[in-house]
Every structure is written in structure tokens, then in C-alpha cells.
Amino acid sequence: MSQRILILGATSVVAAEVAKIYGEQGAQLYLIGRNVDKLAALVQTLGDAVGGFEACDLNELEQNAGRIERAHAALGGFDIVLMAHGYLGDQLRSEEDAEYALKILTTNLSSAVSLLIPIVNRLEKQGAGHLGVITSVAGERGRPRNYTYGAAKGGLTRYLQGLRSRLHSSGVHILNIKLGPTDTPMTIGHEKNGLFGEKSQVAKGIVRALEGRKHVVYLKGIWNPIMAIVRFLPEAIFQRFDFLSGR
Ligand SMILES: NC(=O)c1ccc[n+]([C@@H]2O[C@H](COP(=O)([O-])OP(=O)(O)OC[C@H]3O[C@@H](n4cnc5c(N)ncnc54)[C@H](OP(=O)(O)O)[C@@H]3O)[C@@H](O)[C@H]2O)c1
């Protein structure tokens, strides 16, 4: 039987690459994304691999349980769920405008939790399935350049850690994908360097980590040692290095 895969935030460049890999493997995909044109183009590219889709704003939190119910009914169960939607936003604006800061927190944390509750309860009932959620290296430590977004991704990281512990003997696999800077629309205008990930390499890494039942993966892998340092440097030392603690 082909794998039944739900992708949330399917119009993300990274998620679309993952969808193409699974499509080529013969999976049945249910795609949820916000941008109608991008979603329609992806559905067309994937052809018969698409078992259903929905265009919607995942910040309409009260609608999210119904969306998961429809996806579950269309696929007849979930073998893999990938959650990829996210919003970096403008850090400086989030320091002046509370409503805007809440939009960043809602997209990256509240919306994720409103989706994870109905997803995970279904996976637990199945006693099987893989869940991959894209968080960020920005969630590892609060830094001036992105701490509003980082707080949401860090909160999501804690939430996933709790879920993994709750479900450790259930047969359900939970993966936190800690993405580093990647060349996608989210980083348009950011100066690129050798640490930036490339979408197809990142997508392959996500598929490998899901297959390998990893708990946490850094993509690219170089972020693993870098983040070990970022996490553990004492505050007094951290503040002395502008490339770590600056804007
Ligand atoms: N690129 C990076 O450097 C980087 C680094 C660390 C983590 N991440 C995370 O990686 C994931 C994938 O991002 P990406 O790099 O592939 O960038 P992307 O192509 O810009 O994807 C972000 C996606 O999130 C969707 N989205 C945002 N708010 C939404 C909402 N309210 N409802 C539904 N969908 C919404 C966007 O939909 P639209 O198409 O409608 O805009 C877009 O498809 C995100 O979770 C992001 O936070 C990215």
C-alpha cells in the first residue's frame, strides 16, 4: 500500500521538495497550503500523487481540527505528517507592534499546537506513524536578530519534546527538524553564505531523518556543532561577540 502523507504548509519551498520526493516514491499526498496559486501549481506538478488538498490560512485556529479530520478521512489514516508552515516576520516591527508580534507567535506556535493536538491523537490511536515538524536553529537561544520568531520555534521545540516523551512507547515517531538558514522565499534579501542550506538537499535530509526515526536533526548538519556552542556559551561571553549576539 502506498504511504499516506499529510503536508501542512505545503507551498513552502522546502515542503514542496519533500512532496516531490514522496510523489516519485508512489505516496498519496494530502496538501494543505495558503497560497492558492502556488498550491494549484504544486497539485498539478504532483498529478496522481495528490489524494486531496485544501487552501487555507492556518492562523484560523478554530478551523484546524476540521482540516485534520478532512485530511484523515481523505487518506484513510496518516503514515507521515510533515508540518512546514512558518513566518519569520520583521523582528524590529515585532518590538514595536504587539499585534504583529502575536501574529509571528500564532503562526509558529499556536497554529502548530492547534494542528498537533488532532494529528497526534490520531497517530496515537493508530499506534504508528511519523510526524516531522520544522522548527529552527533560531529557537535555540534568544538573540536580538530574531527572538520573537525564535521564542515561538523554541516553544514548539519544547512542545515536541513533551510529545515525544508522552508517546515514547506508542509506536509514533516524532522528529524535530531544526532548520538553519536556507535559500527560500523566507530568506529573500538575506546575505547568503556557505552555511545556507539548499532546498533539495534539505528535503532529502528530512526524508532520511523520518526514515531513520531520528528525534532531532539539524539541517545542514554543520549546525549541530555550531548550536552546541551557541546553546552552552555563558551569557557574559556570548554578549562579547557581535556575530552571535548582535542584530
Ligand atoms: N528558510 C529558512 O532560512 C528557514 C530557517 C529555519 C526554519 N525555517 C522554517 O522552515 C519552514 C519552511 O519554510 P521555507 O524556508 O520553505 O520558506 P517558505 O517557502 O517561505 O515557506 C513558508 C511557508 O509557510 C506558509 N505560511 C505562513 N503562514 C501561514 C499561515 N498562516 N497559514 C498557512 N501557511 C502559512 C507560507 O505560505 P504562503 O505560500 O501562502 O506564503 C509558506 O508556504 C518554516 O517553518 C520556517 O519557519 C526556515
Side-chain angles (χ1 to χ4, degrees), residues 6-20 31-43 53-64 67-68 71 81-91 100 102-116 131-141 143 145-157 159-160 175-206 209 216-220 222-223 226-227 230:
L6 168 64
I7 303 188
L8 297 143
T11 56
S12 125
V13 159
V14 168
E17 284 297 305
V18 173
K20 286 174 199 161
L31 308 173
I32 298 184
R34 180 175 58 180
N35 183 299
V36 176
D37 294 337
K38 282 198 250 173
L39 188 62
L42 184 62
V43 166
F53 62 93
E54 181 170 341
C56 60
D57 183 342
L58 292 170
N59 282 359
E60 299 162 346
L61 305 185
E62 67 292 347
Q63 308 284 328
N64 282 342
R67 289 170 179 144
I68 300 306
V81 177
L82 175 67
M83 182 178 290
H85 67 291
Y87 179 53
L88 175 58
D90 177 340
Q91 174 59 33
Y100 182 73
L102 287 176
K103 179 181 165 182
I104 296 176
L105 295 173
T106 301
T107 309
N108 296 296
L109 182 58
S110 306
S111 142
V113 171
S114 73
L115 293 158
L116 286 170
L131 168 68
V133 180
I134 305 184
T135 66
S136 172
V137 294
E140 300 278 75
R141 185 161 187 156
R143 295 185 300 151
R145 71 181 63 133
N146 56 21
Y147 65 83
T148 307
Y149 171 77
K153 292 291 197 183
L156 186 53
T157 285
Y159 192 87
L160 293 170
L175 167 68
N176 181 351
I177 301 148
K178 293 190 176 179
L179 204 58
T182 305
D183 194 357
T184 71
M186 192 168 279
T187 54
I188 276 180
H190 294 206
E191 206 175 310
K192 306 295 185 294
N193 58 38
L195 292 172
F196 265 71
E198 185 275 321
K199 62 181 181 181
S200 66
Q201 293 307 317
V202 165
K204 284 180 195 151
I206 291 173
V216 178
V217 66
Y218 287 88
L219 293 171
K220 307 180 351 172
I222 184 68
W223 290 102
I226 294 175
M227 282 299 134
V230 167

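Just so you know, ligand 1 is whichever comes first in the structure, and atom 1 is the first atom listed for that ligand. Model, not experiment: these values are computed from the prediction.
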Original post:
Are a donor atom and an acceptor atom from the side chains of T106 and N59 found within less than 3.5 Å of each other?
Top reply: no
Subject >> Side-chain H-bond candidate by donor/acceptor type, Q91 with T148, under 3.5 Å >> reply: yes
**OP:** Taking only heavy atoms of the protein into account, state which residues are under 4.0 angstrom from an atom of ligand 1, in chain and number order.
**Re:** T11, S12, V13, V14, R34, N35, K38, C56, D57, L58, N59, A84, H85, G86, T107, I134, T135, S136, Y149, K153, L179, G180, P181, T182, T184, P185, M186, T187
Subject >> All side-chain hydrogen bond (donor to acceptor under 3.5 Å, both in side chains) counterparts of S114, not counting sequence neighbours >> reply: N64
Original post:
Do the side chains of K153 and K178 get nearer than 4.5 Å, heavy atoms only?
Top reply: no
**OP:** Go through the structure and list residues passing side chain to side chain contact (heavy atoms under 4.5 Å, CB included) with E60, not counting sequence neighbours.
**Re:** D57, E62, Q63, R67
**OP:** Using side-chain hydrogen bond (donor to acceptor under 3.5 Å, both in side chains) as the criterion, list what pairs up with S111, not counting sequence neighbours.
**Re:** H85
